[in-house]
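Remarks on the structure that follows.
In listed order, ligands and their atoms are each counted from 1. Note that the structure is predicted; figures quoted are calculated from it, not measured. Along the sequence shown, the residues carry numbers beginning at 1.
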Amino acid sequence: MSCQPTRTPPAERVDIPGLRERYRHERDKRLMREATDQYVRTTGADAERDHFDQTYESDPHTPVEPRDPISEDVDVVILGGGWSGILAGHHLRAAGVEDVRNIDHAGDFGGVWYWNRYPGLQCDNDAYCYLPLLEETGFLPSRKFADGLEIREYAQSVARRAGLYDGALFHTLVESLRWDGSIRRWRIGTDRGDDIRARFVVMANGLLNIPKLPGIPGIEGFRGKMFHTSRWDYEYTGGSQRVPVLDRLADRRVALVGTGATAVQAVPFLGRHAGRLYVIQRTPSTVDERHNPPTDPEWVRTLRPGWQKERQRNFHHAAMEMLAPGEPDLICDIWTEISRNLAAELDAEGWPELAPGEFARRREVVDYRVMERLRERVASIVEDPETAEALKPYYRYLCKRPASNDDYYPTFNRPGVQLVDVSATRGVERMTEKGFVASGVEYEIDCMIFASGYEVSSDLDRRWGIDVIEGREGVSLYDHWSDGFQTLHGMTTRGFPNLFFTGFIQSALNASTTEQMNRHGFHAAHIIGQALLRGAEEVEPSREAQDAWVRQVRETAVDVWQFQAECTPSYFNGEGSEKRRFYAGEPYGPGWEAFEQLLEDWRARGDLEGLVLSGADVRPSSGEAVAPS
Ligand code: NDP
């Protein structure tokens, strides 16, 4: 059956002006002058470590083995072993580049899926889009929202298939990257004392790599157990990722800080097993029903070559742009509801031409109706009216990452579970030896679990956790970009030869983050493959090409700040700080498909336009492109 629009309250029943006012009030209640500085550092020299060890030395999953420092020359170092690092490696290998080394502080490949093993962990969006290379590997996840364990095992199988294990260096933290002009290589310093000299470096260090810890006064005095959800301690809770029966919590009082996507997945398990559970909430999530069917063999039989790309495009249209007339919603979940409902309305009207302002107004009405539906959903499940009211989200859809879970709201009907609303005090007031204080009341607990998220929108050095990145003449990358990013295609920057970025800087955004990483990895692999083929020792953008790209990005940028500024604070909007405008990475305005086409045309021309290649023996452009799979 094709995907139908959802039933939402009619526009006449939704008091939009009143809600707009309420949304503003809820945002103002949470805005903090400190913005991202409300969190303490968990990496770097001044990191908070004593009671919150995020180093790999405390890796609960793989024993850390001592090893001697390495001194070596290598063609390519990929910084990271998560999806972006695996995909970059896959494409490099396919481009014929053999000498590749992934370095990661984790004990294996997997990135966030390595570290995160908390109970309930699943992919929150369509795994048929999220999991890369499904057609190439022939793998299909067992259900729409795949389990974390299945994703980790798949990620590791892709790394194995690409032959990346041989070169991988795990439990190794990169501390410095320095361009050494005398040998035309990057010198990579690690906390293991290594001196690795790489011709090329691909930064595949991800987005959710550094957990953040709220700077709660008194945290150092708490005598109980504490951990972040990305370092789940099954020794303490009982159970395992495979069998998450947290039997050691039966007589324990547990508090969980945060109600974002992670908490929504973990809370049902904690509620089921903990003697007492306090869920500490500053801002509620939107939580819809899950509907997570197993992969249908009938559907699988209908798949034709190119299906994943088509599905990802459809997801991107529905989640980040708009479904086209007649375009079905293949994804049919929380991410695509607004587009789907709006498309149904416009379809009924014969798709009238709408000016951008009118289109935005129509979309906004659908947004308010969907959010009203979600608030009504809370009230229909949660029995205690005060708790239900506190769990209702009052902000525009996509101000926060939407969640879906069938067991989250019912958990609050359990006798041992209590929601502690700390919105009025902008977070937990303080911690004591025995527990935490909220609204003047001390709650005694045995364990505090932080589902408090990651350094996504903090300053780049903090977000990346690498103290030194120095290009030519010892210039720091952080200084180089202090007045704004400067790149060609978001992937290279002048003065930092042979260094490639993947991710969110001056590039377009795709609804499937992994597909975005995939195309960046492909493009970096193409350039590196070409440079090696042509005997180039250095590759970097020309000043003109870089300036032109920066101009193009800025001139075409879609200003999403107005929408973001009205949102409740979160990492989406740099905790409500204006700085977000810069740290958002300046996405390329014409959108993902235009960006993909631009790179494809650029590669097809074969002249590496805008890049300067130098070295003792650079052969002119042959025009032929190395064609990774
Ligand atoms: P988030 O950053 O989304 O949430 C952090 C939570 O901690 C928020 O509820 C925040 O409240 C709360 N918090 C922070 N400081 C305090 C404080 N001082 N007192 C009380 N509460 C506090 O982190 P998550 O780990 O939930 O999710 C991060 C991202 O990870 C997601 O957006 C998603 O991209 C990814 N993810 C993906 C999943 C998947 O697809 N499988 C599953 C889980 C996560 P407030 O909102 O008020 O700031």
Side-chain angles (χ1 to χ4, degrees), residues 26-27 29-32 34-36 38-40 83 111-113 115-127 129-131 141 144-152 206-217 219 228-232 255-267 278-287 290 292 333-335 391 393 395 398-405 419-431 436-438 448-458 511-514 567-576:
E26 294 290 338
R27 180 207 55 188
K29 198 163 96 178
R30 291 174 177 82
L31 273 179
M32 292 170 78
E34 297 90 334
T36 51
Q38 68 184 281
Y39 298 101
V40 296
W83 273 125
V112 285
W113 301 102
W115 289 113
N116 281 277
R117 303 188 189 197
Y118 60 80
L121 174 67
Q122 282 185 338
C123 189
D124 257 346
N125 48 33
D126 190 88
C129 289
Y130 176 80
L131 292 181
K144 175 178 166 72
F145 300 114
D147 284 346
L149 180 60
E150 188 174 52
I151 298 175
R152 173 159 51 88
L207 195 63
L208 306 169
N209 52 332
I210 299 185
K212 65 181 160 59
L213 174 68
I216 305 174
I219 194 169
H228 189 272
T229 42
S230 65
R231 303 288 186 279
W232 195 273
L256 181 85
V257 177
T259 47
T262 299
V264 168
Q265 295 184 334
V267 158
Y278 299 105
V279 180
I280 303 175
Q281 173 186 274
R282 193 163 62 178
T283 313
S285 279
T286 54
V287 188
R290 187 71 158 169
N292 188 13
D333 63 23
I334 47 166
W335 293 94
L391 283 166
Y395 44 78
L398 289 188
C399 274
K400 296 243 171 200
R401 197 173 187 276
S404 59
N405 193 296
L419 183 75
V420 181
D421 182 349
V422 294
S423 55
T425 48
R426 296 177 169 87
V428 179
E429 269 168 67
R430 64 194 158 87
M431 291 191 73
F436 68 95
V437 177
M448 184 82 141
I449 304 175
F450 290 93
S452 47
Y454 300 86
E455 299 277 0
V456 180
S457 52
S458 42
S512 289
T513 307
T514 45
C567 284
T568 47
S570 76
Y571 76 78
F572 277 18
N573 63 1
E575 304 297 334

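Two rings, from His228 and Tyr118, have their centers 6.0 Å or more apart.
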Original post:
Are Leu121 and Gln265 close enough, and set up right, to give a side-chain contact (heavy atoms from CB on, under 4.5 Å), and what steps lead you there?
Top reply: CA-CA 6 Å; Leu121 174 67; Gln265 295 184 334; 3.9 Å; yes
Subject >> From CA spacing to verdict: side-chain contact (heavy atoms from CB on, under 4.5 Å), Glu26, Thr283 >> reply: CA-CA 9 Å; Glu26 294 290 338; Thr283 313; over 6 Å; no
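With contacts defined as side-chain heavy-atom distances shorter than 4.5 Å, the pair Val112/Trp83 does not qualify. Contact check for Ile219 versus Leu213: side-chain heavy atoms found under the 4.5 Å cut-off. Residues Trp232 and Thr229 meet the side-chain proximity criterion, which asks for heavy atoms closer than 4.5 Å.
Listed by number with element, the atoms of ligand 1 under 4.0 angstrom from any heavy atom of Thr262 are 24 (P), 25 (O), 26 (O), 27 (O), 43 (C), 44 (C). Every atom of ligand 1 is numbered from 1 in the order shown, and the set under 4.0 Å from a heavy atom of Cys123 is 40 (O), 41 (N).
Of the candidates Gly427, Ala451, Ser285, it is Gly427 that places a heavy atom closest to atom 19 (N) of ligand 1. Of the candidates Arg282, Lys29, Gln122, it is Arg282 that places a heavy atom closest to atom 11 (O) of ligand 1. Considering Pro284, Gly258, Ala403 only, the shortest heavy-atom separation from atom 7 (O) of ligand 1 involves Gly258. By heavy-atom distance, the residue among Trp113, Tyr454, Phe145, Tyr118 lying nearest atom 43 (C) of ligand 1 is Tyr118. Nearest-heavy-atom check against atom 37 (C) of ligand 1 across Gln265, Gln281, Arg401, Lys212 picks out Arg401.
Looking at Pro214 against ligand 1, only its side chain comes within 4.0 Å, counting heavy atoms. If you look at Leu208 next to ligand 1, the close heavy atoms, those under 4.0 Å, all belong to the side chain.
The single protein non-hydrogen atom nearest to atom 1 (P) of ligand 1 is Gly453 CA, 4.0 Å, given as residue, atom name and distance.
In summary, Asp124 and Arg290 engage in a salt bridge, as defined by a charged side-chain N under 4.0 Å from a carboxylate O.
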